[in-house]
Amino acid sequence: MEQEYQRAVTRICVQTALLLLQHGAESAVVVQMAQRLGVALGIESVECALTANAVLLTTLSKQHCITTIRKNVDKGINMQIVTDVQRIVIAVERRLYDLSMAQTKLDKLKPLKYNRYFVVLMVGLSCASFAHLSGGDALISLITFLASSVAMYVRQELSKRHYNPMIVFCITAFVASLIAGMSLKYQIGNDPQIALASSALLLVPGFPLINSLADILKGYVNMGISRWAVATILTFGACLGIVFALSVLNITTWGN
């Protein structure tokens with residue numbers, strides 16, 4: 001019975017770590033949550049190792065070790081899932097949940113997703129706001145809004161069809177730059193370069209870059225490098241899309 005209990009705790013700990021890793025938590029949080037959950041459930045020690053594609057976890061109880069591994073598949077950044085998992089762990093630490101209740105709560109977790117058209121609207125408004133703050137007039141802000149909104153819709157459609165993320169970023173940047181580049185080609189607005197730059201801001205991989213730096217500074221060098229590499233490749237894809245759009249529009253310089 002003790003080994004069966006340990007196996008159950010091992011499974012819930014690795015499930016916790018996997019959920020956090022899949023939805024964008026930094027490596028230190030993933031490891032700490034898995035260890036805290038195991039200790040709160042009566043396990044002597046929990047050791048967790050992370051790679052870009054897997055979670056390896058070992059529990060130790062009364063000189064008996066159980067090791068398990070789970071494949072990691074990226075499911076997109078979702079802080080609601082990360083927060084909910086942390087709340088479950090804290091509830092277990094405070095003795096509000098036992099093993100069975102915690103397992104039930106984890107199994108019922110579903111990521112919150114906003115309406116896709118609401119996301120398109122807010123992304124368009126945010127990019128238009130950047131354009132306005134950078135000195136663009138109302139026309140430049142309108143062009144930026146249109147370009148970024150259409151680009152976000154294209155990104156959603158491509159992601160829904162499970163295209164390679166680099167291709168998604170490349171095509172999205174191409175669409176945004178193609179629409180915004182019309183203002184630069186025909187000199188629409190007070191500063192057309194602002195529209196071209198602001199319309200592609202939705203593709204900046206800020207969260208992965210921040211996580212990669214945090215991982216490296218906290219000792220998870222391999223995870224930090226892998227996340228930095230992914231963010232760099234996505235940025236490279238976006239740059240390719242911008243270059244292709246400028247080539248189509250026959251724009252050779254950012255100036256007049």
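Side chain of Ser183 to backbone of Ala180: a donor-acceptor contact under 3.5 angstrom is found. Checking side-chain atoms of Ser198 against main-chain N and O of Ala195 turns up no donor-acceptor pair under 3.5 Å. Using a distance-only test at 3.5 Å, with no hydrogens or angles considered, no donor-acceptor pair links the side chain of Gln187 to the main chain of Pro192. Panel note: side chain Asn72, backbone Ala52; a donor-acceptor pair is recorded below 3.5 Å. In this structure, the side chain of Asp137 engages the main chain of Asn190 through a donor-acceptor pair within 3.5 Å. The closest donor-acceptor contact from the side chain of Gln35 to the backbone of Cys48 lies at 3.5 Å or more, if one exists at all. Side-chain atoms of Ser149 never come within 3.5 Å of backbone atoms of Leu146 as a donor-acceptor pair (strictly under, hydrogens ignored).
The cluster map of Ile, Leu, Val, Met, Phe, Trp and Tyr, joined by side-chain heavy atoms under 4.5 Å apart, puts Leu99 and Leu57 in the same cluster. Follow the hydrophobic side-chain contacts under 4.5 Å out from Met79 and you reach Leu19 in the same cluster. Follow the hydrophobic side-chain contacts under 4.5 Å out from Val89 and you reach Val82 in the same cluster. Linking ILVMFWY side-chain heavy atoms closer than 4.5 Å, directly or via other members, places Leu249 and Val243 in two distinct hydrophobic clusters. Tracing side-chain contacts under 4.5 Å through hydrophobic residues (I, L, V, M, F, W, Y), one never reaches Val119 starting from Val154; they form parts of separate clusters.
Tested against Glu26 for a side chain to side chain donor-acceptor pair (under 3.5 Å), the candidates Gln32, Lys218, Arg227 yield a single pass: Lys218. Just one residue in the list His23, Gln86, Lys75 forms a side-chain contact (heavy atoms from CB on, under 4.5 Å) with Ile81, and that residue is His23.
Under the 4.5 Å side-chain criterion, counting only non-hydrogen atoms from C-beta, Asp74 is not in contact with Val230. The shortest distance between side-chain heavy atoms of Val248 and Phe244 does not fall below 4.5 Å. For the pair Ile88 and Leu109, the minimum side-chain heavy-atom distance is below 4.5 Å. Between Leu209 and Trp228 there is a side-chain heavy-atom pair separated by less than 4.5 Å.
Other residues, nucleotides and ligands place more than 12 heavy atoms under 6.0 Å from the OH atom of Tyr220. Heavy-atom contacts from other residues, nucleotides or ligands closer than 6.0 Å to CE of Met101 number 12 or fewer. Within 6.0 Å of atom CG in Asn222, 12 or fewer heavy atoms from other residues, nucleotides or ligands are found, so the atom counts as exposed in its surroundings.
Ile140 CD1 to His132 NE2: the interatomic distance, rounded to the nearest 0.5 Å, is 13.0 Å.
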### Message
If you apply the rule side-chain contact (heavy atoms from CB on, under 4.5 Å), what do you find for Ile66 with Val9, and how did you get there?
### Response
CA-CA 10 Å; Ile66 296 178; Val9 173; over 6 Å; no

